[in-house]
Amino acid sequence: MSMAGERFSQDGNEIIRAVRATQPMHLTFEVEAYHELVELYEKGGRDNIISTQFSVGHHSWALVIYPKGKGVSDHISLYVKLLDKIRGGKCVHASFKFFVLNNETEKYITIQDARTRSFNAGHREWGISKAVSAKDFFDKSKGLLVNNSCTFGVEVYVVDQTLIKTSRLSMMEKQTHRSYTWPIYDLSTIRPSLFSPTFKIEDRAWKLQVYPRGNLTGQGKYLSLYFYLIDCADLIGGKKLYVDVQLNLKDQLTGEDHEKNVGFWFDSEKDHGGLDDFLELAELNNPTKGYRLDDRVMIEAAINHMFILQQIC
C-alpha cells in the first residue's frame, strides 16, 4: 500500500494520502476489541462509532467512524462532527485530516480532504467515505488491525472567522437625473482654473473644474477638465465609488458635441479624476466649430453608471 504523497480524485473531491511519524495533534482514538464492538453496535442499530469530544478553535468536535462504510460497502468511512449548537445561517469553516496507525511501522497513514468545508446546522458532519479500504484494513500484513485493536486520529483546522472579509461591488440604481450643464462666460479671463457651482447627483455633491489653457501634461496644448466628488469623507473602511461619466463640450452651432466617456474611482483620499487632454486648444478656438461662442462654453457632465464597493462583513 504505497500512499506517501498520493493525490487522487474521489467522488469529485481531491484527496491527499501520506505517511507521517508524529501522532495527531487533536485526537488519538484507540479502539480495542474492534470486531466485538462493531457487532454490538450493529445489534443496537448503530452504524458508527463516535469518539469522545475534543476542542479546536473554540468549538467541540468528535471523530465518527463508519466500520461498514457510509454510502459505500468496501471501505471504512471517517468523518468529523461539529458538536456545537449552530443557529440560523451561521457556519464554521474547517479542513481536516484523518489518521490510521500502521502498527508494523509505527507510522500514521493520513487521509486529507483538500477542501475547506462549511459546518452548519444542516450539515454537521464532513468526511471521506472511502478513507480506508476494508481489504487493506483486515489484511494482517498491513498492520492496521493488530490483535483486534486499531488506532485512528484526526486533526481539525478551523478558519479564523475574524480574518474572513466579504466585499461587494454593486451598481447603484438610478434615482435622479444624472446630468449637469455648466455655462462658462468670459473663458479668456479665467486664470488658471475655475470651479463650477456644487451640484447634486444621487444625493452626492459634485463639482467640475476647467483649465482653459491646460494643466499638467496638457498645459498650453489642451483644455483640461476634471470631475470632483465633494463629500468623499464618508467613503471609509475600504468603501469606494466608481463613476462612469460622459464629459461633453457642447457645440453651440451644430450640436455635434465633443464627448469623452471616462471612469473614475473615488475613495476617502481620492476626490477627483479628469483629463489633462480633454480638447486641443486649436479645436476649441476653431471658428468653424461652436465650442466657444462669444467667449462662452457649455460643459456637461452626465453620469451613466455608478458602482459602490464596500465591505459587508
**Q** Are His35 and Phe138, when compared by the centres of their aromatic rings, separated by less than 6.0 Å?
**A** yes
**Q** Test side chain to side chain donor-acceptor pair (under 3.5 Å) on Asn286 and Thr288; report intermediate values, then the result.
**A** CA-CA 5 Å; Asn286 188 336; Thr288 65; 2.7 Å; yes
**Q** Sub-3.5 Å donor-acceptor pair from the side chain of Ser77 to the main-chain atoms of Gly69, do we have one?
**A** no
**Q** Could you tell me whether Arg117 and Asp113 have a side-chain N and a carboxylate O separated by less than 4.0 Å?
**A** yes
**Q** Applying a strict under-4.5 Å side-chain criterion to I, L, V, M, F, W and Y, I'd like to know whether Ile299 and Leu284 cluster together.
**A**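 Same cluster: Ile299 reaches Leu284 through Ile, Leu, Val, Met, Phe, Trp or Tyr contacts under 4.5 Å.
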**Q** Parallel, tilted or perpendicular: which describes the rings of Phe54 and His26, with under 30° parallel and over 60° perpendicular?
**A** parallel
**Q** Taking CD in Glu283 as the centre, count heavy atoms belonging to other residues, nucleotides or ligands within less than 6.0 Å. Is the count above 12?
**A**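 More than 12 heavy atoms, drawn from other residues, nucleotides or ligands, come within 6.0 Å of this atom.
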**Q** Does the ring centre of Trp265 sit less than 6.0 Å away from the ring centre of Phe307?
**A**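 They do not qualify: ring centres at least 6.0 Å apart.
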**Q** Got a salt bridge between Asp203 and Lys200, using NZ or NE/NH1/NH2 to carboxylate O under 4.0 Å?
**A**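 So Asp203 does not pair with Lys200 through a salt bridge.
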**Q** Strictly below 4.0 Å, N to O, side chains only: are Glu280 and Lys221 in salt-bridge contact?
**A**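 Looking at Glu280 and Lys221, the cut-off is not met.
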**Q** Ignoring hydrogens and geometry beyond distance, is a side-chain donor-acceptor pair present between Ser149 and Glu32 at under 3.5 Å?
**A** no
**Q** Under a 3.5 Å cutoff, is there a donor and acceptor pairing between the side chains of Ser141 and Asp139?
**A** yes
**Q** On the 0 to 90° scale, with breaks at 30° and 60°, tag the Trp126-His123 ring pair as parallel, tilted or perpendicular.
**A** parallel
**Q** Are Ile65 and Asn48 close enough that some pair of their side-chain heavy atoms sits under 4.5 Å apart?
**A**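 SC-SC contact between Ile65 and Asn48 ruled out.
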**Q** State whether Lys289 and Glu256 are salt-bridged, where the test is any N-O pair (Lys NZ or Arg NE/NH1/NH2 against Asp/Glu carboxylate O) under 4.0 Å.
**A** no
**Q** CD1 of Ile236: more than 12 outside heavy atoms within 6.0 angstrom?
**A** no
**Q** For Phe227 together with Tyr180, are the ring centres under 6.0 Å from each other?
**A** no
**Q** Looking only at the aromatic ring of each residue, does the gap between the centers of His305 and Tyr242 stay below 6.0 angstrom?
**A** no
**Q** For this output row, return yes or no: ring centroids of Tyr66 and Tyr79 closer than 6.0 angstrom.
**A**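 Yes, ring centres under 6.0 Å apart.
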**Q** Regarding Glu42 and Lys68, does a basic nitrogen lie under 4.0 Å from an acidic carboxylate oxygen?
**A**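 So Glu42 pairs with Lys68 through a salt bridge.
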**Q** Do Tyr228 and Tyr226 have their ring centres less than 6.0 Å from each other?
**A** no
**Q** Looking at Arg204 and Asp234, is there a salt bridge between them, counting it only when a charged N and a carboxylate O are closer than 4.0 Å?
**A**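 Salt bridge between Asp234 and Arg204, a charged N being under 4.0 Å from a carboxylate O: yes.
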